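The block underneath contains the structure these notes are about, expressed in structure tokens.
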Amino acid sequence: MLCHLKLWPQTLTKQFPAASGPSSLPDAPDYPIAEVVAAPPSGVPVRFESKQQEKHGEVYSLIGDVRIEYKDYVLTADKVSYNRETGDAEADGHVRLQGGRNNELILADHGKLNFELETGRFENVTGSIGRQPSASKKKLVYTTANPFLFTGRVLIKEGPERYQVVQGTMTSCLLPDPDWRIHSSLIRVNYGLAKAKNSYFTLLGVPILYLPYVTHAVDSDSRQSGFLLPVLGTSSIKGTIVGESIYLAINRSMDATFGTEYYSKRGWAPSGDFRYRGRGEDFVNARFNAVWDRGLAPDYVDKGGQDIVFSGRR
């Protein structure tokens with residue numbers, strides 16, 4: 001990585017031997033200037049490029065198509081002030097921070113960041129944590145169908161894997177127009193788990209449910225025991241539908257889901273699901289469904305029943 005950083009500016013120097021700053025280049029705005037800054041006290045090399053550059057002591061003022069690479073972070077913006085000694089950067093306009101051990105993507109209007117401490121504050125934020133988006137600049141496309149996405153008035157980055165989202169939302173439904181969101185005045189994300197209090201759940205922009213406490217896994221592959229989002233709906237045959245389920249992560253090889261739904265025109269419909277994955281091709285799947293039917297008026301004919309489906313291999 002260090003060798004690559006050293007080779008890049010040498011190539012540019014060969015093309016523009018007299019380049020010592022933006023004023024020495026013809027049509028400077030069309031030719032971004034790439035430069036490797038000497039390693040800060042931590043020994044980490046920094047590479048940046050921009051259309052215009054000024055240096056005052058240890059502070060670099062970068063303007064136009066700014067790009068800074070530090071470790072596995074990439075920061076781009078319209079304008080950045082970077083302090084080489086402290087590792088602080090303040091960015092304005094189309095701010096985009098991507099990378100880190102948590103695969104974070106932060107889009108903001110304005111942001112302050114300390115590369116060395118991996119802390120910062122960003123305003124008017126949209127982004128994701130824990131999943132790698134595509135490199136497309138026009139549209140966010142994720143490699144998973146269930147990413148963790150958020151918006152917020154302010155995002156406070158407390159460390160590599162700790163965040164606070166102030167007056168924000170979280171969802172795993174793709175932005176910019178998700179079908180559902182969880183709104184909260186404060187969302188805390190700590191090491192793979194997002195938590196919020198006194199929040200509410202919206203569907204198609206309509207508040208549906210108040211949630212005194214809710215959690216959301218940042219990694220969609222992770223599992224955690226708890227109550228699932230409730231089921232709400234209507235049907236001409238079933239009537240109003242209300243349901244709730246609980247998920248149990250028993251261990252790394254087994255999990256189960258138990259719950260029930262209530263149909264205002266028919267009755268209760270409990271269900272359960274159990275899964276086991278063993279060594280090699282060993283597995284067990286079991287599912288139970290039932291409807292305790294009281295029948296539709298005026299005949300009230302019971303059309304309910306129960307069924308159990310079981311499959312396995314050893």
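FYI, side chains are in, hydrogens and waters are out, and symmetry mates aren't considered; it's all heavy atoms of this structure. Only a predicted model underlies this, so the values are computations on that prediction, with no experimental measurement involved. Nothing fancy with the numbering, it's 1 onward along the sequence.
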Between [X] and [Y], which heavy-atom pair has the shortest distance, and what is it?
X      : Y      : result
Gly259 : Ser245 : CA-OG, 3.7 Å
Gly278 : Tyr276 : CA-OH, 3.3 Å
Thr86  : Asn114 : O-ND2, 3.2 Å
Val80  : Ala89  : CG1-CB, 4.2 Å
Met170 : Trp180 : O-CZ3, 3.9 Å
Lys79  : Ile63  : CG-CG1, 4.2 Å

Quick check for you: to the nearest 0.5 Å, what is the distance between [X] atom [atom1] and [Y] atom [atom2]?
X      : Y      : atom1 : atom2 : answer
Glu123 : Leu155 : CD    : CG    : 11.0 Å
Glu49  : Arg67  : CD    : CZ    : 6.5 Å
Ile106 : Ile129 : CD1   : CD1   : 7.0 Å
Ser311 : Phe283 : OG    : CZ    : 4.5 Å

Taking the six-membered ring for Trp, is the centroid-to-centroid distance between Phe48 and Tyr60 below 6.0 Å?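 Under 6.0 Å, so yes.
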
Not counting sequence neighbours, which residues clear side-chain contact (heavy atoms from CB on, under 4.5 Å) with Ser185? List them please.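 Checked Ser185 against side-chain contact (heavy atoms from CB on, under 4.5 Å); zero matches.
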
Distance alone, cut at 3.5 Å: any donor-acceptor contact between the side chains of [X] and [Y]?
X      : Y      : result
Asp293 : Tyr263 : no
Asn83  : Asp88  : no
Glu158 : Gln164 : yes
Thr202 : His183 : yes
Tyr247 : Asp255 : yes
Ser81  : Ser61  : no

Tell me which pairs pass ring pair (Phe, Tyr, Trp, His ring centres under 6.0 Å) where either residue lies in residues 98-117, with sequence neighbours left out.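 Output for this query lists Tyr70-Phe115.
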
Is Arg313 salt-bridged to Glu281, cutoff N-O under 4.0 Å?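 No, no charged N to carboxylate O under 4.0 Å.
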
Is the CZ atom of Arg287 crowded by more than 12 outside heavy atoms at less than 6.0 Å?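 Atom CZ in Arg287 is crowded, with more than 12 foreign heavy atoms closer than 6.0 Å.
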
Measure the shortest side-chain to side-chain distance between Asp109 and Val95 over non-hydrogen atoms and say whether it is less than 4.5 angstrom.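 Sidechains of Val95 and Asp109: no contact.
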
Side-chain contact, heavy-atom cut-off 4.5 Å: Leu296 with Lys265?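 Touching, per the 4.5 Å side-chain cut-off.
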
Evaluate the criterion salt bridge (charged side-chain N to carboxylate O under 4.0 Å, His left out) for residue pair Arg84 and Glu58; output intermediate values, then yes/no. CA-CA 6 Å; Arg84 185 193 71 86; Glu58 298 295 333; 2.8 Å; yes

How would you list, by chain and number, every residue that makes a salt bridge (charged side-chain N to carboxylate O under 4.0 Å, His left out) with Arg277, sequence neighbours excluded?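 Result, salt bridge (charged side-chain N to carboxylate O under 4.0 Å, His left out) vs Arg277: none returned.
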
ILVMFWY cluster membership beyond Tyr262 - transitive side-chain contacts under 4.5 angstrom: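 Result for Tyr262 is Trp268, Trp292.
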
Given a cutoff of under 4.5 Å between side-chain heavy atoms of I, L, V, M, F, W and Y, with clusters grown through shared members, what are the other residues clustered with Val154?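 Noted: Val154 shares its cluster with Ile156, Val166, Leu186.
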
Take Glu118 and Tyr73, measure what side chain to side chain donor-acceptor pair (under 3.5 Å) needs, and give me the verdict at the end. CA-CA 10 Å; Glu118 299 185 52; Tyr73 280 104; 2.8 Å; yes

Among residues at least two apart in sequence or on other chains, which ones pass side chain to side chain donor-acceptor pair (under 3.5 Å) with Asp273?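 For Asp273, no residue satisfies side chain to side chain donor-acceptor pair (under 3.5 Å) once neighbours in sequence are set aside.
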
Taking the cut-offs as 6.0 angstrom to the six-membered ring centre and 45 degrees off its axis, would you call Lys157 and Tyr163 a cation-pi pair?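 Cation-pi check for Lys157 and Tyr163: fails.
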
Tell me whether Ile182 shares a hydrophobic cluster with Tyr213, the cluster being built from Ile, Leu, Val, Met, Phe, Trp, Tyr side chains joined at under 4.5 Å.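 No.
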
